[in-house]
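Scroll down for the structure; my scribbles are underneath it.
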Amino acid sequence: MTRRPVTVELGTLGLDGGGDILVKLALAELPTGGEIAVCGTHPDLAGHLVTWCRQHGHRWHTPDPDSIDGVVGMIERGSAISARWIGARHAGLSDAARPG
């Protein structure tokens, strides 16, 4: 039996309007590796959540379109702040004078 993840319904609320607090509270109740589903209609919500997850050491992924209606994405609670580097991409060298 597969357990349905906790759902955080933000409605029109974005992370910049306090939605981050609701997400933090939901994640605080979960063990490492636990997931929450985030629903909402704010136009920038998915982009904000991707960045927020990386900053706080959690993993973000978009669900299968047929799996859960209205879910913008899933957040998996990370185990350490260093997890924020998971999926990060190299953006270049610190010395702009060097090629590459």
Side-chain angles (χ1 to χ4, degrees):
M1 179 176 183
T2 304
R3 236 180 109 184
R4 187 173 171 97
V6 172
T7 300
V8 177
E9 177 57 63
L10 298 178
T12 60
L13 190 64
L15 293 190
D16 55 347
D20 60 322
I21 295 170
L22 298 175
V23 171
K24 282 182 195 178
L25 289 173
L27 286 171
E29 299 293 320
L30 298 177
T32 298
E35 285 190 327
I36 63 170
V38 182
C39 297
T41 58
H42 189 281
D44 299 322
L45 185 58
H48 288 173
L49 284 168
V50 169
T51 303
W52 186 89
C53 286
R54 181 169 294 151
Q55 289 172 338
H56 291 87
H58 304 298
R59 290 191 174 149
W60 164 264
H61 66 273
T62 42
D64 209 9
D66 300 327
S67 62
I68 307 171
D69 289 336
V71 173
V72 175
M74 305 291 293
I75 299 174
E76 179 185 329
R77 184 172 183 205
S79 62
I81 194 67
S82 63
R84 70 184 179 156
W85 297 110
I86 294 172
R89 296 180 186 196
H90 184 63
L93 302 171
S94 57
D95 182 1
R98 289 179 54 195

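What you see below is based on every heavy atom in this structure, not just the backbone, and it leaves out hydrogens, waters and symmetry mates.
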Quiz: residues 24-41 side-chain donor-acceptor pairs under 3.5 angstrom, not counting sequence neighbours:
unit_1, atom_1, unit_2, atom_2, d
Glu35, OE2, His61, NE2, 3.4
Thr41, OG1, Gly11, O, 3.2

Of all heavy-atom pairs between Trp60 and Cys53, which one has the smallest distance, and what is that distance?
CB-SG, 3.9 Å
Which pairs count as side-chain hydrogen bond (donor to acceptor under 3.5 Å, both in side chains) when at least one residue sits in residues 42-53, sequence neighbours excluded?
Trp52-His56
Please identify each residue that fulfils side chain to side chain contact (heavy atoms under 4.5 Å, CB included) with Leu13, with sequence neighbours left out.
Leu10, Leu22
